[in-house]
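A short worksheet on the structure shown next.
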Amino acid sequence: MYQQVKEYWKNLLEEQLRLIAAEKGFDGDPVETAGELVVQTPPNPDMGDLAFPLFPYAKVMRTSPQNIVGDLAERVKKLEGVKEDSILPSGPYLNIFIDTVSLAASLKKKVDADGETYGHTDSLSGKRVMVEFSCPNTNKPLHLGHLRNDAIGESISHILKANGADVQKVNLINNRGIHICKSMLAYQKFGNGETPESSGIKGDHLVGKYYVRYAAWEKEDPTALSQAQAMLRSWEEGDPEILELWNLMNRWTIEGIEETYRNTGVSFDTYYYESNTYMLGKDKILKGLEDGVFYREEDSSIWIDLEEINLDKKVLLRKDGTSLYLTQDIGTAIQRHEKWPFDSLIYVVASEQAYHFKVLFHVLSKLGYEWAENLYHLSYGMVNLPDGKMKSREGTVVDADDLFASLTALAKEEIIAKNREQEVGDIDDVSEKIARGALNYYLLQPSPMKDMVFNPADSISFNGNTGPYLQYMGARISSMLSKWEQMKDGYADTAFDSSFLTVKDERELIKMIAIYPSLVAQAAEEYNPSVITSFLYDLSRTFSRYYHDHAVLKGEKKEQVVARVALVTMVLQVLKNAYGLVGIPFLQSM
RNA sequence: GUAGCCAUAGCUCAGCUGGAUAGAGCAUCAGAUUGCGGAUCUGGAGGUCGGAGGUUCGAAUCCUCUUGGCUACACCA
């Protein structure tokens with residue numbers, strides 16, 4: 001809706017510029033010569049809502065920008081339907097105050113009608129998008145790095161859906177390989193039949209314990225590694241005893257990881273398991289060899305020359321004919337496209353694997369798959385700690401469950417300290433939702449591409465630019481609106497009239513509500529949830545200031561109260577809708 | 001060595017396809033509560049946007065070079 005307002009002014013001004021140019025005897029279309037008018041936002045709302053810099057026109061028309069702004073302002077002010085004080089020349093800029101009163105009136109209709117789908121766009125409607133993320137190993141629990149991956153994958157999926165895409169969230173569980181055998185082997189030797197039930201240890205942590213145990217044992221016993229390799233061979237040969245243990249321990253880990261997913265608000269439409277996919281791709285490589293896309297070395301391994309993309313060579317199939325990580329990913333992508341023909345496939349994977357994906361996409365396109373150009377590696381940076389990197393050897397890896405538990409405990413303490421146990425209802429549930437919101441918001445604020453520093457002390461703080469701050473705004477509005485429910489009968493005869501919304505922050509809030517849908521589209525276009533997180537913070541901050549400075553329910557006039565309640569109701573709706581895109585649970589009370 | 005990514009306030013981060021005085025949070029200093037939830041709000045101090053050139057009316061943003069950091073370049077996944 002804001003977009004339409006912008007377009008309206010842009011077209012109007014461009015038309016006037018053409019007239020001015022014609023009067024001055026300028027040959028041709030100035031808009032074509034100088035480029036379309038750029039629409040910006042003035043640095044400060046007192047200077048207007050829209051700003052049109054006229055530098056390029058000054059150059060083309062051989063005069064100063066100030067002159068053009070002056071002429072333009074004079075003409076526009078005289079136009080029918082344009083209020084004189086909506087035009088503010090400001091040096092080389094022509095600034096416009098838009099009509100937020102009528103904008104608010106149409107917004108109210110729109111938000112009332114759309115409700116929780118307000119902000120959705122159709123920019124991706126009809127598109128099928130597959131998003132692969134998380135992809136844990138089944139030999140240990142999730143850590144902080146996975147949490148960033150999950151938060152981005154989950155959020156991007158919601159954002160794409162909000163733009164009309166048909167989204168499939170997929171997880172590929174890495175449940176085979178030597179590292180899986182290591183924890184199995186250690187369990188066989190030292191486990192004494194321990195189970196999650198008997199030990200009270202969550203399944204993924206129990207398996208992780210034996211993975212650590214293996215590392216210690218390997219130092220004492222030089223045959224450890226060869227024993228693990230032997231176990232992998234037995235697994236591949238289908239040894240029933242090994243398979244049984246493998247199934248058991250995988251189940252423990254996956255059940256544990258799924259509990260973590262529930263806590264952090266992550267879910268998938270489809271799980272794939274590497275034990276089923278690791279054989280895939282071989283035939284495709286052989287086909288590529290026949291077609292002359294790849295070549296065979298003397299030792300009979302198969303390679304691709306990557307000179308075209310300025311890289312070296314890469315093995316695609318081992319000399320013994322077995323497949324590799326890359327081979328498997330090739331097969332998996334092809335299989336997925338056959339089963340569910342997607343318009344794009346997004347891999348949410350750490351930036352460390354940029355090379356792998358570059359090669360993968362190239363190989364697929366060499367194999368002749370046109371859809372290869374619709375594959376996208378959504379690369380994200382590392383999560384570091386204030387003291388440096390997480391290192392498993394130094395025991396500085398932040399465990400996902402531990403982190404979530406301590407966030408939850410802190411939220412609970414805070415509720416108790418504020419004496420709000422009665423109001424919140426289920427205190428454990430609310431504490432977990434606060435923890436989830438804090439965590440997701442913290443992880444989604446930086447642009448995905450960049451490395452980030454996770455400061456545990458900051459993440460658990462509930463003041464300032466944090467998830468709980470945002471949730472608090474939602475809770476305050478909810479609380480106010482339930483008071484309104486009690487008193488609104490006395491206002492039954494008062495209609496909504498947006499002309500009562502003229503205070504500066506009211507105008508700001510109206511503009512933010514109006515602009516929200518275009519940000520939802522932008523977040524999808526850029527694959528960047530932080531577009532939404534920063535919007536949420538801006539909206540919350542502006543609302544908080546407004547709410548602090550202006551009485552809503554205690555307004556002087558009835559019309560004012562009704563108008564403000566309507567505005568605040570819209571703010572709440574937008575907050576809720578945006579929360580949903582970035583994994584922040586809405587809380588009625590906290 | 002080669003390639004990719006990154007560099008903005010003491011710390012953590014924003015900054016849209018180049019545009020007005022580079023913005024937040026934390027920390028710090030000073031304020032605000034007869035109030036619809038103070039997990040709040042207001043203000044001060046704090047930046048030669050890693051450095052040097054270039055393009056442009058105009059550069060944190062684009063180009064080149066340079067410095068520093070991270071990552072990748074396995075018949076591991």
Side-chain angles (χ1 to χ4, degrees), chain A residues 38 40-44 47 51 53 55-56 58-59 64-65 90-93 95 135 137 174 176-180 274 278 297 299 301-303 310-312 314-320 322-329 350-356 358-359 379 381-382 384 386 389 411 414-415 417-418 420 423 434 442 445-447 449-455 457-458 461-466 468-473 475-484 487 519 522 526 530-531 533-534 537-538 541 544-555 561 564-565 568 589-590:
Chain A
V38 174
Q40 297 177 334
T41 308
N44 161 351
M47 298 169 74
F55 301 96
K59 202 179 173 192
S64 73
S90 174
Y93 298 86
N95 292 352
C135 305
N137 292 339
N174 183 344
R176 65 164 290 281
I178 188 84
H179 52 301
I180 306 297
E274 242 180 62
Y278 81 107
E297 277 288 343
D299 68 359
S301 55
I302 298 177
W303 295 69
N310 284 320
L311 295 171
D312 210 4
K314 192 85 188 169
V315 191
L316 298 173
L317 218 51
R318 289 192 185 94
K319 60 186 170 201
D320 61 6
T322 54
S323 57
L324 293 100
Y325 176 40
L326 186 60
T327 325
Q328 166 198 318
D329 262 3
S351 57
E352 297 165 347
Q353 299 206 37
Y355 170 83
H356 170 75
K358 207 171 169 183
V359 175
S379 163
M382 295 203 308
N384 296 318
K389 299 175 63 171
E414 196 73 10
I415 292 167
K418 292 181 192 306
R420 294 197 53 82
E423 285 88 343
I434 292 172
Y442 193 95
Q445 260 183 295
S447 313
M449 179 73 83
K450 295 189 179 180
D451 286 356
M452 67 177 287
V453 173
F454 186 91
N455 185 328
D458 282 359
S461 158
F462 297 153
N463 302 322
N465 189 1
T466 62
Y469 171 82
L470 304 179
Q471 287 174 314
Y472 179 61
M473 293 308 144
R476 283 175 100 180
I477 296 177
S478 304
S479 160
M480 184 176 68
L481 291 179
S482 61
K483 287 204 167 61
W484 165 247
M487 59 187 266
L519 296 177
Q522 189 195 336
E526 296 176 5
S530 80
V531 171
T533 55
S534 35
Y537 181 66
D538 280 349
R541 217 162 62 97
S544 192
R545 186 174 59 220
Y546 171 60
Y547 181 78
H548 182 269
D549 295 344
H550 303 282
V552 173
L553 299 181
K554 297 177 183 172
V561 173
R564 287 183 170 175
V565 167
V568 166
S589 180
M590 64 188 280

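Proteins get letters first, then strands, A, B, ... in listed order; numbering begins at 1 in each.
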N/O-N/O pairs, protein side and nucleotides 10-13 of chain B side, under 3.5 Å:
from	atom 1	to	atom 2	distance (Å)
C13(B)	OP1	Val453(A)	N	2.5

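- Counting distance only, with no hydrogens placed and no angle test, the side-chain atoms of Ser544(A) and the base atoms of C41(B) include no donor-acceptor pair under 3.5 Å.
- Taking a centre distance below 5.5 Å and an interplanar angle below 30 degrees as the stacking criterion, Tyr547(A) stacks against the six-membered base ring of C36(B).
- Taking 3.5 Å as the limit, the base of A20(B) and the side chain of Asn95(A) contain a donor-acceptor pair of atoms between them.
- Nucleotides C26(B) and A7(B), compared at atom P, are 23 Å apart to the nearest Å.
- Each of Gln328(A) and Pro92(A) lies near RNA chain B, and the nucleotide nearest Pro92(A) is the one positioned closer to the 5' end.
- Between Asn465(A) atom CG and G23(B) atom P the separation is 17 Å, expressed in whole Å.
- Annotation: cation-pi geometry satisfied between Arg176(A) and Tyr278(A) (NZ/CZ under 6.0 angstrom from ring centroid, within 45° of ring axis).
- Atom CG in Asn463(A) sits roughly 12 Å away from atom P in G25(B) (whole-Å rounding).
- Nucleotide G37(B) holds its P atom 12 Å from the CE atom of Met473(A), rounded to whole Å.
- The partner of A3(B), taking Watson-Crick or G-U wobble pairs whose two distances both stay under 3.5 Å, is U71(B).
- Contact annotation: the side chain of Ile434(A) approaches that of Ile415(A) to within less than 4.5 Å [non-hydrogen atoms, C-beta and beyond].
- With G37(B), C41(B), C75(B) as the choices, the nucleotide that has an atom nearest any side-chain atom of Met480(A) turns out to be G37(B).
- Distances shown here put every side-chain N or O of Arg476(A) at or beyond 4.0 Å from the OP1 or OP2 atom of U40(B).
- Taking the side chain of Met449(A) as heavy atoms from C-beta on, and the options A20(B), C6(B), C75(B), the nearest nucleotide is C6(B).
- Residue Lys418(A) is the one, among Lys418(A) and Arg545(A), whose nearest nucleotide of RNA chain B lies closer to the 5' end (criterion: closest heavy atom).
- Remark: Glu274(A) pairs with no residue by the salt bridge (Lys or Arg N to Asp or Glu O under 4.0 Å) rule, at least two apart or across chains.
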